[in-house]
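Sequence positions, counted from 1, serve as the residue numbers for this chain.
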Amino acid sequence: EKSLQQFAYFALISIFAVTIEAVKYDFVVDNEDVFTPCEDFPDNYIDKFFDISGLSFEREGDLVKVVGDVKLVHEFENDVPIQLDAQVYRRSRGEWVDTIYNIRRPDFCPVLYNGNELWYKYTNVVPEADRKCPPQPGLTISFDSLFGLSYDLQDRSADGDYKLRVMMGQGKELMCFEIECSVYKE
């Protein structure tokens with residue numbers, strides 16, 4: 001009976017270890033310019049709201065170095081909420097399908113400078129005096145950052161093609177861009 005308990009304990013630990021063991025994946029951005037316009041909103045590209053002409057991307061091994069400035073050129077209305085919608089899609093049988101990974105903020109202003117949000121490491125560089133929402137044209141965020149292209153994920157079947165779609169705007173005044181990448185087991 002004791003050996004049966006030990007075997008059950010060993011089996012349980014083994015199953016637990018297999019399910020939490022991370023797998024290393026490489027992420028390869030498909031477009032060298034990184035951003036692409038959304039097919040259904042080709043005239044509402046990122047340049048409708050931001051000047052990204054000073055931004056450069058260079059691959060350094062398993063990293064991408066992002067250097068330059070992103071400058072807000074759009075003037076938001078004061079009394080209309082800014083909406084943000086970011087969704088990750090995965091290609092399955094030739095079509096893009098939803099995943100569980102998404103961010104929706106019907107009113108972006110209260111969370112623009114919130115330390116718990118993904119974008120805070122970039123908005124945190126904005127001086128306190130300039131932290132207005134809606135942000136004012138001319139607001140500039142400077143990048144001199146390295147981003148990893150290799151990650152440990154718990155998902156053992158994460159390899160495939162992915163697309164991040166970001167829409168932001170007020171009412172019918174919006175911008176939309178996508179970033180496509182391929183994910184491979186290392």
For the CG atom of Leu55 and the CD1 atom of Ile141, what is their distance to the nearest 0.5 Å?
11.0 Å
For residues Asp69 and Thr140, is any side-chain donor paired with an opposing acceptor at under 3.5 Å?
no
Consider only side-chain heavy atoms of I, L, V, M, F, W and Y, link residues closer than 4.5 Å, and tell whether Tyr120 and Val70 are in one cluster.
no
Does atom NZ of Lys71 have more than 12 heavy-atom neighbours, drawn from other residues, nucleotides or ligands, at distances under 6.0 Å?
no
I'd like to know if the side chain of Gln136 reaches the main chain of Glu75, judged simply by a donor and an acceptor atom lying under 3.5 Å from each other, with no hydrogens or angles considered.
no
Those residues at least two apart in sequence (or on a different chain) that pass ring-ring contact (aromatic ring centres under 6.0 Å, His included) with Phe49 are His74, Phe76
Please confirm whether Phe143 and Tyr122 have ring centers closer than 6.0 angstrom.
yes
Candidate pair Thr36 and Ile179, rule side chain to side chain contact (heavy atoms under 4.5 Å, CB included), full reasoning
CA-CA 6 Å; Thr36 56; Ile179 301 172; over 6 Å; no
One should read off an interatomic distance between Gln83 CD and Met168 CE, to the nearest 0.5 angstrom, of 11.0 Å
Under 3.5 Å: donor-acceptor pair, side chain of Glu180, backbone of Glu178
no
Determine whether Ile46 and Val67 fall in the same hydrophobic cluster, where Ile, Leu, Val, Met, Phe, Trp and Tyr are linked whenever their side-chain heavy atoms lie under 4.5 Å apart.
no
Could you state the interatomic distance from CG (Leu84) to CG (Asp107), rounded to the nearest 0.5 Å?
11.0 Å
Minimum heavy-atom distance between Gln87 and Thr99, given as atom pair plus value
NE2-O, 3.1 Å
Is a side-chain N or O of Lys172 found less than 3.5 angstrom from the main chain of Gly169, in a donor-acceptor match?
no
Any side-chain heavy atom of Val73 within less than 4.5 Å of one from Phe50?
no
Under 3.5 Å: donor-acceptor pair, side chain of Tyr45, backbone of Phe35:
yes
Using 4.0 Å as the upper bound for N to carboxylate O, is an ion pair formed by Arg165 and Asp40?
yes
Here the pair of heavy atoms bringing Pro106 nearest to Pro81 is O-CB, 3.6 Å
As an exercise, state the distance from CG of Asp161 to CH2 of Trp96, rounded to the nearest 0.5 Å.
5.5 Å
Measure from the side-chain N and O atoms of Arg131 to the backbone N and O of Val126, and report whether any donor-acceptor pair falls under 3.5 Å.
yes
With clusters defined by side-chain heavy atoms of hydrophobic residues (ILVMFWY) lying less than 4.5 Å apart, directly or transitively, does Leu164 cluster with Tyr89?
no
Between Pro135 and Leu72, which heavy-atom pair has the shortest distance, and what is it?
O-CD2, 3.5 Å
Grouping I, L, V, M, F, W and Y whenever their side-chain heavy atoms are under 4.5 Å apart, do Val111 and Ile103 come out in a common cluster?
yes
Interatomic distance, Ile82 atom CD1 to Leu174 atom CG [nearest 0.5 angstrom]
12.5 Å
Can you tell me how far apart NZ (Lys132) and SG (Cys109) are? Round to the nearest 0.5 Å.
12.5 Å
For Val80, is there any backbone N or O sitting under 3.5 Å from a side-chain donor or acceptor partner on Gln170?
yes
Minimum heavy-atom separation for Val97 to Ser92, with atom names?
CG2-CB, 4.0 Å
Without hydrogens or angle criteria, can the side chains of Asn114 and Arg105 be said to hold a donor-acceptor pair below 3.5 Å?
no
ring-ring contact (aromatic ring centres under 6.0 Å, His included) partners of Phe108, counting only residues at least two apart
Trp119
